[in-house]
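Below you'll find the structure, written out as structure tokens, and then a few comments.
Fair warning: this is a prediction, and the values are worked out from it, not measured in the lab. As the structure lists them, so they are numbered: ligands from 1, and atoms in each ligand from 1.
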Amino acid sequence: MSQDLDTERASLFDRIFSRAPSYLRFIQDKPSWILMFLFGRTLVIRRFDRKLRARYAAPAPVPGPTVFRDVDRAACVRGLIDTGLAFGIDLPAPVVDEINTFANTHPCYSRDRQDRGFLPKDVAEANAERPNDVIAAYYFENVQKCAAIRALRNDSTLQSIARSYLGKTVLQSRVRMWWSFPAKRVTDAALVDAAQEKFHFDMNGWRTLKFFFYLTPVTESDGPHLGILGSHRRRAWRQQLSLTVGRPTEELESYYGKEKFVTILGGAGTGFAEDPFIFHAGTLCRDRPRLILELEFDQSATTQDHYGRPL
Ligand SMILES: O=C(O)CCC(=O)C(=O)O
């Protein structure tokens, strides 16, 4: 028991240290962020904020091009309100191909060696120079050089779902793309850093919405994304009052029940939306690398991404 507590405490410090630089940047960018960080995790205050400042709205058409066909925007918003997740927002094959071509021909970077990029096919060479394997490597602001990704940021289907769910004009979107690599030499801190195998919720803003797109096929062994249905609406006091965003899996299983846990699998192009206030996690790839794109829509203004890079 006391060993469990020690492990939990160590992991708690890992989490705080790993997220502190992002949090400091959020505060620098927008000092009122600290209020959201402190109070935005309690359901009563979140509901109050929703009622006062932004109610859900039926998805209205947004002018502009879209690459999506047959997405039921109203069903997506309903799914988000009820469960925190919505499916069926899949990318067409040519868009997947364009993004993969970009990703395979541009260097990606681990967070701890941002001066040393490598092509994804060269991950073994990158690992040979390190004490631990790279489990996640990002494109940072270079993603914006990819025309297909730039277009997705303004895609009218995504904008419409985001405006409806966030209840306001979407002011900003943060974009990230990264590889998750199969890895053997892995530290707990690296897992926390890459949000792998650790259930947590995000505290990036009062109301944000993420769209994720798998750009490679994802089976059980290729690092699927996990989520807990409805965990944005129901939360134990202990989880609301804790300053950390991560919770042990066993605690969440006994509170929500295993039937609320979903593992998201799918072919290249599979897209889904997530309210990042639900408990969610990535998982370590065992077989093949996974390439994933994330667009996070925020109804408040911000100028930096999660890593302090310009949007
Ligand atoms: O890798 C994933 O699927 C999840 C990543 C994540 O949860 C995060 O970065 O907050």
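Within ligand 1, the atoms closer than 4.0 Å to a non-hydrogen atom of Gly282 are 1 (O), 2 (C), 3 (O), 4 (C), numbered from 1 in the order shown. Near Asp202, meaning under 4.0 Å from one of its heavy atoms, ligand 1 places the atoms 10 (O). Applying the 4.0 Å criterion to heavy atoms of His280 picks out, from ligand 1, the atoms 7 (O), 10 (O). Near Gln196, with a cut-off below 4.0 Å to any heavy atom, the atoms of ligand 1 are 1 (O), 2 (C).
By the criterion of side-chain heavy atoms lying less than 4.5 angstrom apart, applied directly or through intervening Ile, Leu, Val, Met, Phe, Trp or Tyr residues, Phe277 is grouped together with Leu35 in one hydrophobic cluster.
At least one test fails for Arg130 against the ring of Phe118: distance under 6.0 Å to the centre or angle within 45° of the axis.
Polar contact check, Ser180 against ligand 1: no nitrogen or oxygen pair lies under 3.5 Å apart.
Neither the backbone nor the side chain of Thr283 comes within contact range of ligand 1; no heavy atom lies under 4.0 Å. Residue contacts with ligand 1, taken as heavy atom pairs separated by less than 4.0 Å, do not involve Glu294 at all. The residue Phe199 has no part lying near ligand 1, judged by heavy-atom distances below 4.0 Å. Of all the heavy atoms of Arg176, the ones lying under 4.0 Å from any atom of ligand 1 belong exclusively to the side chain.
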Should Lys210 and Asp275 be marked as a salt bridge (Lys or Arg N to Asp or Glu O under 4.0 Å) after you check the CA-CA gap, both sets of side-chain angles, and the distance that decides it? CA-CA 6 Å; Lys210 285 187 173 183; Asp275 180 334; over 6 Å; no

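Screening Phe261, Phe199, Phe201 against Phe279 for a ring pair (Phe, Tyr, Trp, His ring centres under 6.0 Å) leaves a single residue, Phe201. Checking Lys260, Lys258, Arg234 one by one against Ile228, the side chain to side chain contact (heavy atoms under 4.5 Å, CB included) holds for a single residue, Lys260.
Of the possible donor and acceptor atoms, none in the side chain of Glu197 sits under 3.5 Å from a partner among the backbone N and O of Ala281.
Summarising the contacts of atom 2 (C) of ligand 1 with Arg290, Lys198, Glu296, the nearest heavy atom is found in Arg290.
The aromatic rings of Phe87 and Phe272 are tilted relative to each other, their planes meeting at an angle between 30° and 60°.
In this structure, Trp178 has a heavy atom closer than 4.0 Å to ligand 1.
Here CD1 of Ile161 is found 8.0 Å from CZ of Phe68. Values are rounded to the nearest 0.5 Å.
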